[in-house]
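Reading through the structure tokens given below for one structure.
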Amino acid sequence: MAFSLLSLPNFLSPHPNYISLKPSRHHHRHISFKPLRLPSLRRLPAIGPDGKYYPNPSDDDPPEAPEDSMHGVDKFQQIHRQAARARKLQEEDFNKHKSNYLSAIADVDEDVLNKAKSANDDDGDDLFGEIDKAIAMKRQELVKQGLIQQVPKNTEAVDDELDPDEVVDLQEIDKLRGLTVVSDSDDGENEEEEEEDSSEFDVNLSDSEGKKVGKDKVNLLDSSFDLDLDSFGKSKVRIVEPMFKMSLAELLDESKVVPVSVYGDLEVEITGIQHDSRVVSAGDLFVCCVGRRTDGHLYLSEADKRGAVAVVASKEIDIEDTLGCKALVIVEDTNSVLPALAASFYRYPSKNMAVIGITGTNGKTTTTYLIKGMYEAMGLRTGMLSSVAYYIHGDNKLESPNTTPDAVLVQNLMAKMLHNGTEAVVMEASSHGLALGRCNEVDFDIAVFTNLTRDHLDFHGTEEEYRDAKAKLFARMVDPERHRKVVNIDDPNAPFFIAQGNPEVPVVTFAMANKNADVHPLKFELSLFETQVLVNTPHGILEISSGLLGRHNIYNILAAVAVGIAVGAPLEDIVRGIEEVDAVPGRCELIDEEQAFGVIVDYAHTPDALSKLLDSVRELTPKRIISVIGCPGESDRGKRPMMAKISTDKSEVTILTSDNPKSEDPLDILDDMLAGVGWTMQDYLKYGENDYYPPLPNGHRLFLHDIRRVAVRCAVAMGEEGDMVVIAGKGHETYQIEGDKKEFFDDREECREALQYVGELHQAGIDTSEFPWRLPESH
């Protein structure tokens, strides 16, 4: 059921201690004059001496036509016919002597094509190289036609040039099959739901890193033929999947897991560990975890059919009837032992890398990107685990389903990072991940606290439990020599987080209001295109110009600077790394289609995040703020009226809409949100009978539409010069969940399409400002 809303047809002065890294013609038209065409003078007929007319016989002959040397065919047609005849003769000759041609070209090395190309690049013109390249290209055509077989790669020639150790390494690399994981297309909900179910995860590669294999598999080592202009000129690094194996007895011993009982052969070899039966492969150990909605013990038969060789369970299970399970380990709590088993199997990768954990309600993702940029500016290969994406290092990206991956995946990804040369990892430590123990075996070196406001109470129950979950990260800061705490002391919860762990661990503070912080701004300036900030630090003053917009992003910049100060990073690297991050997907992301007003898409989905976002937009001095917000279903109902209240207070126009309603009725969610302004759904429908929705007491307008696409288009159509349209709630998310359906939906793409549609209306002379959302003069 849908309710139709309407019928639509250098500000900073120089300073000696600054660290900054900022780097009519006239056309004359020539007019040519054509000569006048004069009438030709006709020759007079011949007149004899006697005055009589003597006609010339040639005058009676018809004019001679010019000789047709082309035989009625123009030059282009002649060349075309000659080429066709040559091709026909060539094909006839090839068919006549096909066996000779194929036998002559069958043994040609296909690598000649690349060798000839590189030789041409190095040595200039090479006639023989061109001939070899042409032959190799011809051979490739014949292979595609199936006329000859593809020549297997000759590894003997390579082995002759390699040392024995290198030959062994080459053979091991050839055995690698690449990262292949099964994607769960049924469960892809937002952070609140995905992180609750500890038996689900989904990893997808970006188009620039791999291609789809089959229906729902991804091969990391496959290369895509698509041209990626963004990565043009950048070197592509092949990410190698490490291989691990150990006996079940060794795994139990190294993980220090004490079983209640064991059955079967403990010497069975384990080649993988999984807690999701859908991704089990041959040789895996299957751990029967108990989630909030399902029980892994129910899926033992499926795991067995997929090749599991051993099982860890918390209930008595009969493995006699299984196909391949050779051992059973009974423990008290499978959920608690899973992180230890995973970390032990993957050889505790986090112990060999610098790990920075970031916790807090808002700002985690942007701060993660900034710290990654700063570490890379320091020359360190840096991986990242965030709610937007996973990076092995550099630009080697995988799509991420959750803020914090499950215990197995986090160890798997870190092992992959370490195996491929990653030296540092920056990761978001969400309250779900910390509460569920997903980070239990991650060896953090630095803990960062951004802020704390109401969120995820449907999972944690109370704000105290929510705070305590996030504080688990700081409780691990116990070594003053190695650990560091980075805390936002503008937040009232800062003392609580500082007190966690060992009080002797050094603390670096940052703030905007509190000038006693180690890192704080001396001056800043906001605009629609950049944020400029002068940052005071214990080691000097930094002048930073960032593409990240809004006051709230200054906090994120300060957090990254504080981490740099905590680890002793060079000031130049801090500035350069932060300035390299122009934008973060779905975080105050500006949508520019050359329209006369601004459009911003942001992930703000909590009352505090929305309030700070609208405050930041207000500082850009727009004419009006037009906001579109929604609240997800099956989550904290208490924040729904708060979100509507904040938006209507800080936006001239608010449109309430859907945001992943899931199994809830979208109209019930909107009814909860309307309570924030003292309205009910019945009140709104009553106003709609007269096609007039009165302004709120503060003069602001409120509309609603349960179809998000319509709400976004209405907001964009309302935009006039100087306005700011804010689409909040989804940010980087690319789906909408309604009932059991999960469909593609991207606020950014919807905004672009809406801007193009409104632009077409304006070109057609239609003024969208006259649509019914304008306040009628009669009222």
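The residues of the chain are indexed from 1 along the displayed sequence. Just so it is clear, the structure is predicted and the values come from calculations on it, not from any experiment.
From N536, atom CG reaches atom CG of L522 across 4.5 Å, with rounding to the nearest 0.5 Å. Atom NZ of K364 sits about 10.5 Å away from atom OG of S386, to the nearest 0.5 Å. Atom CG in N451 sits 10.5 Å away from atom CG in D490 (nearest 0.5 Å). One distance of note links CD1 of I574 with OG1 of T537; it measures 7.0 Å at 0.5 Å rounding. A distance of 13.5 Å separates NZ of K612 from SG of C588, quoted to the nearest 0.5 Å. We find the CG-OH distance between N488 and Y555 to be 5.5 Å, quoted to the nearest 0.5 Å.
Salt-bridge formation is detected for the pair R618/E652: a Lys NZ or Arg NE/NH1/NH2 atom is positioned less than 4.0 Å from an Asp or Glu carboxylate oxygen. Ion pair K623/E721 not flagged as a salt bridge, since none of the NZ, NE, NH1 or NH2 atoms sits closer than 4.0 Å to an Asp/Glu carboxylate oxygen. Taking a cutoff of 4.0 Å between a charged side-chain nitrogen and a carboxylate oxygen, R551 and D615 do not qualify as a salt bridge. Residues R713 and E753 are paired through a salt bridge, judged by an N-O separation under 4.0 Å between the basic side chain and the carboxylate. Ion pairing between E750 and R709 holds under the 4.0 Å rule for side-chain N and carboxylate O. One finds a salt bridge joining R576 and D573 here, because a Lys/Arg side-chain nitrogen approaches an Asp/Glu carboxylate oxygen to under 4.0 Å.
Ring-centre distance between Y693 and Y684: below the 6.0 Å cut-off. Remark: aromatic rings of H605 and Y603 are close, center separation under 6.0 Å.
Judged purely by distance below 3.5 Å, without hydrogens or angles, the side chains of T382 and Y391 never pair a donor atom with an acceptor atom. With hydrogens and angles left out, the side-chain atoms of H393 and T422 include no donor and acceptor closer than 3.5 Å. Judged purely by distance below 3.5 Å, without hydrogens or angles, the side chains of N660 and Y735 never pair a donor atom with an acceptor atom.
Within a 6.0 Å sphere centred on CD of E580, other residues, nucleotides and ligands contribute 12 heavy atoms or fewer.
Proximity of a side-chain donor or acceptor of S545 to a complementary backbone N or O of Q532 within less than 3.5 Å is not detected. When atom types are taken as modelled, the side chain of T654 and the backbone of S647 share a donor-acceptor pair closer than 3.5 angstrom. Using modelled atom types, no side-chain atom of E589 and backbone atom of R587 make a donor-acceptor pair closer than 3.5 Å. Distance alone, capped at 3.5 Å, places no donor-acceptor pair between the T367 side chain and the T365 backbone. In this structure a side-chain-to-backbone donor-acceptor pair under 3.5 Å is present from T648 to K645. At distances below 3.5 Å, at least one donor-acceptor pair connects side-chain atoms of K372 with backbone N or O atoms of G394. With hydrogens and angles disregarded, a donor-acceptor distance shorter than 3.5 Å links the side chain of T531 to the backbone of L548. Without hydrogens or angle criteria, E428 side chain to I358 main chain gives no donor-acceptor distance under 3.5 Å. With hydrogens and angles disregarded, a donor-acceptor distance shorter than 3.5 Å links the side chain of K485 to the backbone of I498. Under the 3.5 Å distance criterion, the side-chain polar atoms of T734 are left unmatched by any main-chain donor or acceptor of D746.
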_CA sep, side-chain torsions, deciding dist, call: K639, T606, side-chain hydrogen bond (donor to acceptor under 3.5 Å, both in side chains)_ = CA-CA 7 Å; K639 72 178 183 181; T606 66; over 6 Å; no
*Please assess I554 against M512 for the test side-chain contact (heavy atoms from CB on, under 4.5 Å), listing each intermediate value before the final yes or no.*
CA-CA 8 Å; I554 296 180; M512 285 189 67; 3.8 Å; yes
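The side-chain heavy atoms of V725 and I600, taken from C-beta on, include no pair separated by under 4.5 Å. I707 has its side chain out of reach of T657: every pair of non-hydrogen atoms, C-beta onward, lies at least 4.5 Å apart. Between L702 and W679 the shortest side-chain heavy-atom distance falls below 4.5 Å. V726 is not listed as a side-chain neighbour of I626, based on a closest heavy-atom distance of 4.5 Å or more. A heavy-atom distance below 4.5 Å is found between the side chains of S651 and L614. Proximity of L385 to L413: side-chain heavy atoms (C-beta onward) are separated by under 4.5 Å at one or more points. Side-chain contact between M427 and I356 is absent, with no heavy atoms from C-beta onward closer than 4.5 Å. In this structure, Y369 and P585 have side chains that are in contact, with non-hydrogen atoms separated by less than 4.5 Å.
Here the shortest heavy-atom pairing between R484 and A566 reads NE-O, 3.8 Å. Considering all non-hydrogen atoms of both residues, A562 and V486 come closest at CB-CG1, 3.5 Å. The two atoms that bring R748 and G586 nearest to each other are NH1-N, 3.9 Å, heavy atoms only. Taking all atoms of both residues into account, the shortest heavy-atom contact from A569 to M378 is CB-SD, 3.6 Å.
Screening V563, N553, V535, I544 for a side chain to side chain contact (heavy atoms under 4.5 Å, CB included) involving L558 leaves a single residue, V535.
With sequence neighbours left out, K730 forms a salt bridge (charged side-chain N to carboxylate O under 4.0 Å, His left out) with D659, E733. Looking at residues two or more places apart in sequence or on another chain, you find a salt bridge (charged side-chain N to carboxylate O under 4.0 Å, His left out) between R708 and D747.
Cation-pi contact between K397 and Y390: absent, since separation from the ring centre below 6.0 Å together with deviation from the ring axis within 45° is not met.
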